[in-house]
Undergrad: 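Can you keep this structure in mind? I'll have questions shortly.
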Amino acid sequence: QVQPLESGGGLVQPGDSLRLSCVASGGTFSNYAVGWFRQAPDSDREFVAAIPADSGRTYYEDSLKGRFTISRDDAKNTVYLQMNNLKPEDTAVYYCAAGIAVTTIYHGEGFWGQGTQVTVSS
């Protein structure tokens, strides 16, 4: 069993960049697909990006392609979410999840972190 632990959130201005990190606590991500989700106030949780265990094809919410990049470093047991040109509508709590497959976490299963707050405001 692995417990994702997110970090890297904060308050930034529109147009800034931010990199979120998700570390596997109590285990390793090496055999897991890992994804990022976000939930804004008064909104449902939405998919952001995911990367399979073999670091093959990556998956993104269509509207975020080109601004957000997911990557993994299994030597550091860490998955990253690089977010560029941030907008106020990116403000949300960002969650990391790990599961046996991308479809597993996409449907809300697997192991989930507690989230990290990202606020984009001038």
Side-chain angles (χ1 to χ4, degrees):
Q1 184 167 329
V2 62
Q3 179 59 52
L5 181 62
E6 307 95 336
S7 64
L11 172 63
V12 297
Q13 294 186 339
D16 284 353
S17 296
L18 202 60
R19 189 177 77 163
L20 304 183
S21 298
C22 178
V23 175
S25 175
T28 174
F29 278 152
S30 60
N31 296 319
Y32 288 93
V34 181
W36 288 95
F37 296 74
R38 68 184 184 183
Q39 187 166 18
D42 300 321
S43 298
D44 293 332
R45 186 175 64 199
E46 65 173 348
F47 171 75
V48 173
I51 186 167
D54 63 2
S55 297
R57 175 186 175 183
T58 51
Y59 301 83
Y60 296 93
E61 161 61 33
D62 285 343
S63 65
L64 301 177
K65 289 180 181 177
R67 289 198 301 124
F68 287 19
T69 303
I70 189 171
S71 62
R72 63 190 298 156
D73 185 341
D74 285 343
K76 296 182 178 180
N77 229 4
T78 303
V79 172
Y80 303 99
L81 183 68
Q82 177 68 42
M83 305 185 293
N84 297 328
N85 190 24
L86 283 162
K87 305 175 180 181
E89 52 264 40
D90 294 319
T91 295
V93 177
Y94 284 70
Y95 297 91
C96 177
I100 59 173
V102 170
T103 53
T104 301
I105 56 179
Y106 187 81
H107 289 101
E109 299 176 2
F111 306 101
W112 289 75
Q114 295 299 308
T116 185
Q117 176 71 47
V118 173
T119 302
V120 185
S121 175
S122 56

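Owing to the predicted nature of the structure, the values given are computational and were not obtained by experimental measurement.
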Undergrad: Would the distance check show the side chain of Arg72 and the main-chain N or O of Pro52 forming a donor-acceptor pair, the cut-off being under 3.5 Å?
TA: yes

Undergrad: Between Ser21 and Thr78, is any pair of side-chain heavy atoms under 4.5 Å apart?
TA: yes

Undergrad: Decide if atom CZ of Phe47 counts as having more than 12 heavy atoms of other residues, nucleotides or ligands within a radius under 6.0 Å.
TA: yes

Undergrad: Linking Ile, Leu, Val, Met, Phe, Trp and Tyr by side-chain heavy atoms under 4.5 Å, what else ends up with Val118?
TA: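 Direct or chained contacts put Val118 with Val2, Val12, Leu18, Leu20, Phe29, Tyr32, Val34, Trp36, Val48, Ile51, Tyr60, Leu64, Phe68, Ile70, Val79, Leu81, Met83, Leu86, Tyr94, Phe111, Val120.
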
Undergrad: Nearest 0.5 angstrom please: Arg19 CZ to Gln82 CD, how far?
TA: 7.0 Å

Undergrad: What do the steps show when you test Arg67 against Asp90 for side-chain contact (heavy atoms from CB on, under 4.5 Å), and what is the final call?
TA: CA-CA 11 Å; Arg67 289 198 301 124; Asp90 294 319; 2.8 Å; yes

Undergrad: Report the relative orientation of the aromatic rings in Phe37 and Trp112; use parallel for angles under 30°, tilted for 30 to 60°, perpendicular for over 60°.
TA: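 Tilted.
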
Undergrad: Looking at every heavy atom in both Pro14 and Ser122, which two are closest together, and how far apart are they?
TA: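 Nearest heavy atoms, Pro14 then Ser122: CD-N, 3.7 Å.
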
Undergrad: Could you report the tightest heavy-atom contact between Glu6 and Gln114, atom names first, then the distance?
TA: OE1-N, 3.2 Å

Undergrad: Taking atom CG of Leu11 as the centre, report whether more than 12 heavy atoms of other residues, nucleotides or ligands fall under 6.0 Å from it.
TA: yes

Undergrad: Donor-acceptor pair, Glu61 side chain versus Lys65 backbone, under 3.5 Å?
TA: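 Looks like no, no N/O pair under 3.5 Å.
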
Undergrad: Once you round to the nearest 0.5 Å, how far does CD1 of Ile105 lie from SG of Cys96?
TA: 8.0 Å

Undergrad: Where is the tightest heavy-atom contact between Gly110 and Thr104, given as atom of each residue plus distance?
TA: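 Scanning both residues completely, I find the closest heavy atoms to be N-CG2, 4.1 Å.
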
Undergrad: Name all residues meeting the side chain to side chain donor-acceptor pair (under 3.5 Å) criterion together with Ser17; count only those two or more places apart in sequence or in a different chain, and write none if there are none.
TA: Asn84

Undergrad: Just by distance, no angles: are the side chains of Asp74 and Ser30 close enough, under 3.5 Å, to form a donor-acceptor pair?
TA: no

Undergrad: Output the distance between atom OH (Tyr95) and atom CZ (Arg38), rounded to the nearest 0.5 Å.
TA: 13.0 Å

Undergrad: If you compare all heavy atoms of Val93 against all heavy atoms of Gln117, which two are closest, and at what distance to 0.1 Å?
TA: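 Taking every non-hydrogen atom into account, CG2-OE1, 3.2 Å.
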
